Amino acid sequence: MRLGRSVAAVAAGVLLVGVSLSRAEISSDRPAAIVTFPKLIVDLNRGIDTMVRLSNTSQSPLRLHCFWVDATPRCDNGPGSCISGIGIAPTCAGTCVDNWTETDFRLTLTGNQPIGWRISQGMRDCLSTSQTDPSQPCFPLDGVTRIGPGGQSNAVSRIPPVPHDEFVGYLQCIAIDDNGAPVERNDLQGEALITRTDTPLPLPPAAIDVDSYNGVGLSAIPGTNDFDGNLCLGGCSPGKCSVTKSQSCFSDGDCPAGERCSVQCQSNPSCPRGPEYDGCPNILVLDHFFDGGVDPVSDLPVVTDLTLVPCTQDYLRQNPEKVTVQFLVFNEFEQRFSTSRPVTCFKEFQLSNIDTSFNENSIFSAAVNGTLTGQTRIRGVADDKSTHGQALMGVAQEYRCAPTSTLDNCGIVSTAAFNLHSQGRRPQADLLLLAPE
Amino acid sequence: MGRERGMQGAWLWALLAVAVAISPAFAEVTTERPGSILFFPKVIASGTRDTIIQISNVSNSMVHAHCFYVNAALEFPGEPPGLNNQPRWQEVDFDIWLTKQQPTHWVVSQGRRVYPLDPQCFPGVGECNDAGLDPGRVPPMPPDFVGELKCIEVDSSGAPISGNHLKGEATLVVTTKDTAPGGPLAQDPDDVGDASKYSALAVVGLDSNDANNILCLGGGVSGDCPNGAEYNACPQTTVLDTFASGPATPLQLSASNPQLPLDSFVSTELTIVPCEEDFENQSPATVVVQFKVTNEFEEPFSTSISVTCWGNLELNDINRIIFNPATAGSRLLQTRLQPATDADPGIVVIAEEFHHVPGLGTARAAYNAHTIGERSTADVITIPEGP
């Protein structure tokens, strides 16, 4: 009996250590097979553009299938633009109508190659670009006049510019093979740099600001990808039947009569083999200054902008995903507030506009909370459908405003973007649905 | 016997349940997760810049943390470094405790006092910096402070635990204030308020923590680490995408941020901290860091440098040739950093870009580095023994 317990305890220790060690290392950032940039913006008249940097962390060439998603609301029945945000007021004289348009493209990164481009301009090979214009980065290894040391090149790569000026949206890139099928290669990393000048180039700027954040990566799980157009992000991993070990299962009902399944969860018909990529987090955690709180170093008021994108994306049917988002807010007194807001496809909001249009009375305002900083836990509400997980990814930007600013009208002095933290996973998978090649 | 089999069966089911419960949690979105040790590699309170530290408890229980500042400023900050002017590597530690889900913050040059009557924020009152439940007494750092902050989750007795309840951010802000009496004000008034922000690097604690004062990050069983790894290992390789650093030549104009004027240029600072640290004996760790650089033409370069305790290096200080746009021949570079040998300690890295426009000012942007793999050898942090 004692021996039995000891053996079991040792086995438990070994298993625990084994499982624990297989967990991810330092929770900074890692290269991945899918990288998403949740917020990209172009507004050339205001001197705003975004540079995307991508790099291949392996020595083999990496083929990518990328999707621009234009989430700029359309201005109907009138001139002007619907782009809005902190420091940007919409000029639309008509009605702003939600819009969601996807444009996709493919490119190849050679071994360990970094590239970067302005999203307002896209990127072509340097042969067809005026190489004397430093504002237009181009693919250097065109495959004709120049190839890399190992014979690799960027041939058959072209990145279109975003569809129009006054653009807001996101970019998602997926590692694929030469046939366009997703591959299990966690070799992609990237950053977005949002640059602001107060005048459009080539006019000399009177002020500059740059902020950057890392692309949000989803790692492929080796040995699980079925290489179809349904990419399963997280969800329940299949178990084994208790007697018929060769049979995988999600619940007892999947096993022969009388047998038990080692896991009990709801199967997803789109993911018969379980997750192919890491799942999106159950909860996003954002530490932030409450809007209107004064930065004790610069004495400037601070407001925060939050961008959220659902993890489920249907590029096949162009169906924007709608998620109800719960926000749970804690101030430095451990006092708790909450609110909710639906997010369809893409949403960017100033924190103190999540629950009200009257910023001063928001649960995200410093005056309401009484403290300078807070922690907000952001959760996409799961519904009863097993086909998708309603999880989210996002990024935040902190704006320091001129002293005379009001909460709803920030005179931008500087910005700082940062990635959100994440906690936990959920049993439902999110899906990326791609059009067949 | 039958009962024994029953017990063994129960154990096996329990094992299975544990394995099933644990396995779905092994990896998430690769931005940031809470952990049990927070590294803030770049902390500055040096006259023209100050740092705001934000830490929060992501659990529903009270959390304690033991924090260590390491002051890596030179003994005589205004003088050039030399044999008679070495970095101080001075450690100062303090405790904080956070209630359920509580966020807290402090300014490094000011610290945070314990005073329940701190004025709260309300309309028209800007000064509410210390409002909230004070996390404990946080000492202010001296005006010339440059260095790092580490916070380690502990229990109420001060013993390290693997709770994984901490997350944090650091915001470096160009100050309007002169934190050094008699020292310089912000160099360019246009830069005042410019901020860059990064997330603290969190090391996830494992179930094997023996709660003593020797913290084992990765690795196997050894004399110092009888249980093997108590925390996840430091990364094997750190990967950074950067601009080539410094002004370009007239023939190499395409080296800067393409959205800024032609005479602009980018310089990048890397802050490198060894994962190994002996706070008990105050002995700084030294690591030789190998840099493998690839430009946009897939052309490789490499260099190395030695870092003791804390290093904040502009790329051109590491190597004036391979990071220079004229010689690198490329606007962008991918740089892979790793300790030269397994005997060297692991490293954590933060990058900060400075986009300079001559005559106008500088915009700063900090970002976390990407990491690949984990070290097979242990890094050990030794904290002072408790009372």
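By convention in this document, chain letters (A, B, ...) are assigned in the order of the sequence lines, proteins followed by strands, and residues within each chain are numbered from 1. None of these values were measured; they are calculated from a predicted model.
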Is it the backbone or the side chain of A:I194 that comes under 4.5 Å from a heavy atom of chain B, or both, or neither?
neither
Assess the side chains of B:N60 and B:Q101: does a donor N or O sit below 3.5 Å from an acceptor N or O?
yes
Per-residue contact mode, B:S196 against chain A (heavy atom under 4.5 angstrom)
backbone
Portion of B:T171 that has a non-hydrogen atom of chain A nearer than 4.5 angstrom:
side chain
Report yes or no: is the cationic atom of A:R146 (NZ for Lys, CZ for Arg) under 6.0 Å from the centre of the six-membered ring of B:F297, at an angle within 45° of the ring normal?
yes
Based on non-hydrogen pairs under 4.5 Å, which of B:K292, B:R336, B:E299 is most in contact with chain A?
B:R336
Largest heavy-atom contact set with chain B, pairs under 4.5 Å, which of A:S365, A:G116, A:A207
A:A207
Before accepting this row, confirm whether a basic side-chain N of the pair B:R49/B:E352 lies closer than 4.0 Å to the acidic partner's carboxylate O.
yes
Residue part contacting chain A, namely of B:V107, when any heavy atom lies under 4.5 Å:
side chain
Heavy-atom contact with chain A under 4.5 Å, split by part of B:L333:
backbone
Answer yes when B:K197 and A:D211 have at least one side-chain N-carboxylate O distance shorter than 4.0 Å, and no when they do not.
no
Toward chain A, the part of B:R375 with a non-hydrogen atom under 4.5 Å
neither
Please indicate whether A:Q59 has more than 12 foreign heavy atoms, meaning atoms of other residues, nucleotides or ligands, lying under 6.0 Å from its CD.
no
So, the part of B:L240 with a heavy atom under 4.5 Å from chain A: the answer is backbone
Counting only heavy atoms closer than 4.5 Å, note whether B:D118 contacts chain A via side chain, backbone, both or neither.
neither
Are A:R118 and A:D49 ion-paired here, with the side-chain N under 4.0 Å from a carboxylate O?
yes
Indicate whether the side chain of A:N154 and that of A:Q113 have a donor and an acceptor atom separated by less than 3.5 Å.
yes
Need one label for B:E169: side chain, backbone, both or neither, based on atoms under 4.5 Å from any heavy atom in chain A.
side chain
Is the backbone N or O of A:G235 less than 3.5 Å from a side-chain atom of A:R426, with the two atoms forming a donor-acceptor pair by type?
no
Turns out that what part of B:D130 lies under 4.5 Å from chain A's heavy atoms comes down to neither
Of B:H355, B:K100, B:K167, the largest count of non-hydrogen pairs under 4.5 angstrom with chain A goes to B:K167
Basic-acidic side-chain contact under 4.0 Å: A:E398, A:R400
yes
Please classify the contact of B:L98 with chain A as side chain, backbone, both or neither, using a heavy-atom distance under 4.5 Å.
neither
Residues A:H288 and A:Q375: side-chain donor-acceptor under 3.5 angstrom:
no
Looking at B:Q334, B:Q102, B:E353, which makes the most heavy-atom pairs under 4.5 Å with chain A?
B:Q334
Heavy-atom pairs under 4.5 Å with chain A: which of B:T51, B:V357, B:T99, B:D134 has the most?
B:T99
